[in-house]
J.: 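Take this structure first; my questions come after.
In each ligand, atom 1 is the first atom listed, and ligand 1 is the first ligand listed.
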Amino acid sequence: MAPHVVRWGIMATGWIAEMFTKDLLIDPNVRDASDIAHQIVAVASSSSKEKAEQFITARGITNPCSAYGDYETLVADPNVDVIYVATPHSHHYQNVRLALEAGKNVLCEKAFTVNAAQAKILVDIAREKKLFLMEAVWTRYFPLSIQIRELIQKGEIGEVLRVVADTSFGEDVETKWGTAHRMVNPDLAGGALLDLGIYSLTWVFQILYHTLPRDQRRPPTVSSQMTSYHLTGVDESTTMLLSFPTSTPSNGPHPQRSHGVALTNIRVAADPDEKGSAGPAIRIQGTKGEVQVRGNPFRPQSYRVIPKGGGEIREVQSVFPGQGHGMYWEADEVARCLRDGKLESEGLPWEESIVIMEVMDEVRKQGGLTYPQKIESTEYPLQL
Ligand SMILES: NC(=O)C1=CN([C@@H]2O[C@H](COP(=O)(O)OP(=O)(O)OC[C@H]3O[C@@H](n4cnc5c(N)ncnc54)[C@H](OP(=O)(O)O)[C@@H]3O)[C@@H](O)[C@H]2O)C=CC1
Ligand SMILES: O=C1OC[C@@H](O)[C@H](O)[C@H]1O
């Protein structure tokens, strides 16, 4: 059967737009995804049409592809099935809404929005207009993530009572990012939490929340600490303790809970020598054993299943067919959802993106981190 072809419009021409586009251009057959195919039919840059043209040429897009010098024209292009939003998170609410209001399906980079109120409005619009919408948390669509979720659901390591996940870069923050870069710039919703902490939360949620049947998923309670970057006031370090209810009856005064420890830091590293000497960045601990995940939490390289009390340790490596970055798996998910008429992805349902945004809202509240009013706003349209 002929593959279902999805026609993409790329909004913004920055770093991640380049990575995503490279992956879209890799033949899906190399990863055994012959049921779908991707075409990039339009690229828009808010800076200039020339920048979009340069992007198309540099990426080697050979099929007809329109270049636009603004996002408004992109979302009006009738040839586009779905828009990939690759702007800084400060702009996601305005940019996604622009696309939805124009009747376009959307894949939006993480963090979904600046706050949960914005995320809820986007979801309401998608639902009302019957459009597909998904937060691009690519890690969830790695075969390795799916395998781990399945082995947890099968009870291979028993009941999971603790997940520890650390997404931290050890950078000289002042030298690397100064004050203007999106990683540290409050006007662009910078800071460790929204940029990297989302991945630690992803691991906690995809194990302690997502592996449960939908009607049993309950939001966690949250306790957290934050340290601010002295030059801009965004968080450079955030530590979160999440506590999820379990179904196991308790014998004592406290109900049985499973704990998620989600760490993020841009000044100390989870993997300081980048050789894994510090141990796994993710530990998933169950009553019958443990799963350890190595590599950056956003792009995991391998996992080990360690049975309690000995037994054979099983190790599985990630494979990146066609030397991809690993973003094609989320793109394939989008294509299949569109083909099947789904509005949201099972891998990251709207409700879960919103609960995670609510956790981040609470963590920012506890840490006293607010962003400029205009990027926290739900007003639309708003010139940022
Ligand atoms: N999934 C992943 O692995 C990754 C995801 N990300 C996410 O992708 C998003 C973009 O990050 P990244 O590509 O690294 O960022 P870049 O700064 O490299 O690119 C962002 C692009 O957004 C457009 N843009 C529109 N308005 C603004 C503005 N006011 N300031 C700056 N840029 C603007 C620009 O493109 P133009 O001029 O063409 O309009 C710019 O090139 C973020 O939300 C980030 O969290 C980032 C890295 C990895
Ligand atoms: O999403 C991301 O993953 C990779 C990191 O390098 C980047 O800062 C972040 O935005």
J.: Check each of E333, E330, E352 against R140 using the salt bridge (charged side-chain N to carboxylate O under 4.0 Å, His left out) test, and report the only one that passes.
T.: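 Result for salt bridge (charged side-chain N to carboxylate O under 4.0 Å, His left out) with R140: E352.
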J.: What atoms of ligand 1 come closer than 4.0 angstrom to any heavy atom of Y71?
T.: 23 (C), 24 (N), 25 (C), 35 (O), 36 (P), 39 (O)
J.: Heavy atoms only: give me the nearest D235-G190 pair and the separation to one decimal.
T.: OD1-O, 4.4 Å
J.: What protein heavy atom lies closest to atom 37 (O) of ligand 1? Include the residue and the distance to one decimal.
T.: S47 OG, 2.5 Å
J.: Any idea which of K110, Q54, R182 brings a heavy atom closest to atom 12 (P) of ligand 1?
T.: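 That would be R182.
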J.: Let's go through R294 and Q301 carefully: what are the C-alpha distance in whole Å and the side-chain angles of both, what is the deciding distance for side-chain hydrogen bond (donor to acceptor under 3.5 Å, both in side chains) to 0.1 Å, and is it a yes or a no?
T.: CA-CA 6 Å; R294 290 180 180 266; Q301 298 295 314; over 6 Å; no
J.: Suppose the criterion is salt bridge (Lys or Arg N to Asp or Glu O under 4.0 Å): which pairs have a residue in residues 153-166, not counting sequence neighbours?
T.: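 Those involving residues 153-166 are E156-R314.
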J.: State whether the number of non-hydrogen atoms from other residues, nucleotides or ligands found under 6.0 Å of E346 atom CD is greater than 12.
T.: no
J.: Would you say H92 touches ligand 1, if touching means a heavy atom closer than 4.0 Å?
T.: yes
J.: Can you tell me if F55 contacts ligand 1 (heavy atom of the residue under 4.0 Å from the ligand)?
T.: no
J.: I'd like to know whether ligand 1 has Y199 as a neighbour, heavy-atom separation below 4.0 Å.
T.: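 Yes.
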J.: Does the pair Y141 and S345 meet the rule for a side-chain hydrogen bond (donor to acceptor under 3.5 Å, both in side chains), with working shown?
T.: CA-CA 10 Å; Y141 300 93; S345 161; 2.7 Å; yes
J.: So, Y328 versus F320, ring centres under 6.0 angstrom or not?
T.: no
J.: Can you pull out the closest protein heavy atom to atom 31 (C) of ligand 1? Residue, atom name and distance to 0.1 Å, please.
T.: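 Minimum-distance protein heavy atom for atom 31 (C) of ligand 1 reads P88 CG, 3.7 Å.
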J.: Of all the non-hydrogen atoms in the protein, which one sits nearest to atom 9 (C) of ligand 1, and at what distance?
T.: T87 O, 3.1 Å
J.: Looking only at protein heavy atoms, which one is nearest to atom 19 (O) of ligand 1, and how far off is it?
T.: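 Result for atom 19 (O) of ligand 1: G14 CA, 3.3 Å.
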J.: Pull out every atom of ligand 1 sitting under 4.0 Å from any heavy atom of D195, numbered as shown with elements.
T.: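 In order of number, 45 (O).
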J.: Check each atom of ligand 1 against the heavy atoms of M327 and keep those under 4.0 Å away; list them by number with element.
T.: 1 (N)
J.: Holding to ring-ring contact (aromatic ring centres under 6.0 Å, His included), I want the full list of residues that pass it with Y371, two or more places apart in sequence or in another chain.
T.: none
J.: Judged by non-hydrogen atoms, does M19 sit under 4.0 Å from ligand 1?
T.: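 It does not, in that no heavy atom of M19 comes within the 4.0 Å cut-off of ligand 1.
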J.: Anything under 30° is parallel, anything over 60° is perpendicular, the rest tilted; go ahead and classify H92 against H89.
T.: perpendicular
J.: Answer with yes or no whether F298 contacts ligand 1, where contact means a heavy atom under 4.0 Å from a ligand atom.
T.: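 The answer is no, since F298 has no heavy atom less than 4.0 Å from ligand 1.
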J.: R218 versus F244: any side-chain heavy-atom pair under 4.5 Å?
T.: no
J.: Under a strict 4.0 Å criterion on non-hydrogen atoms, which protein residues are in contact with ligand 2?
T.: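 Contacting ligand 2 under 4.0 Å are K110, F169, R182, M183, D195, Y199, F298.
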J.: So how far is it from E376 CD to Q118 CD, rounded to the nearest 0.5 Å?
T.: 7.0 Å
J.: Specify the protein heavy atom at minimum distance from atom 30 (N) of ligand 1: its residue, its atom name, and the distance to 0.1 Å.
T.: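 Checked against all protein heavy atoms, atom 30 (N) of ligand 1 sits closest to L188 CD2, 3.8 Å.
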J.: In the structure I gave you, are the side-chain heavy atoms of V123 and R127 within less than 4.5 Å of one another anywhere?
T.: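 In short, these two side chains touch, coming nearer than 4.5 Å.
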J.: What heavy-atom pair brings K110 and I198 nearest, and what distance separates the two atoms?
T.: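 It is CE-CG2, 3.8 Å.
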J.: Where is the nearest protein heavy atom to atom 48 (C) of ligand 1: which residue, which atom, and how far?
T.: I16 CD1, 3.2 Å
J.: Record the part of R299 in heavy-atom contact with ligand 1 below 4.0 Å; permitted values are side chain, backbone, both and neither.
T.: neither
J.: For ligand 1, which atoms sit closer than 4.0 Å to a heavy atom of H91?
T.: 26 (N), 28 (C), 29 (N)
J.: With a 4.5 Å cut-off on side-chain heavy atoms, are V75 and I83 touching?
T.: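 In short, these two side chains touch, coming nearer than 4.5 Å.
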J.: What is the closest protein heavy atom to atom 5 (C) of ligand 1, and at what distance does it sit?
T.: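 So the nearest neighbour among protein heavy atoms is E109 OE1, 3.2 Å.
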J.: Which part of A86 is near ligand 1, with near meaning a heavy atom under 4.0 Å away: side chain, backbone, both or neither?
T.: backbone
J.: To check your reading of the model: name the closest protein heavy atom to atom 18 (O) of ligand 1, its residue, and the distance in Å.
T.: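 Closest protein heavy atom to atom 18 (O) of ligand 1: W15 N, 3.0 Å.
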J.: If you define the side chain from C-beta out and look only at heavy atoms, does anything of F20 sit under 4.5 Å from W8?
T.: yes
J.: Which residue pairs pass the side chain to side chain donor-acceptor pair (under 3.5 Å) test with at least one member in residues 75-85, sequence neighbours excluded?
T.: R7-D81, Y68-D77, Y84-E109
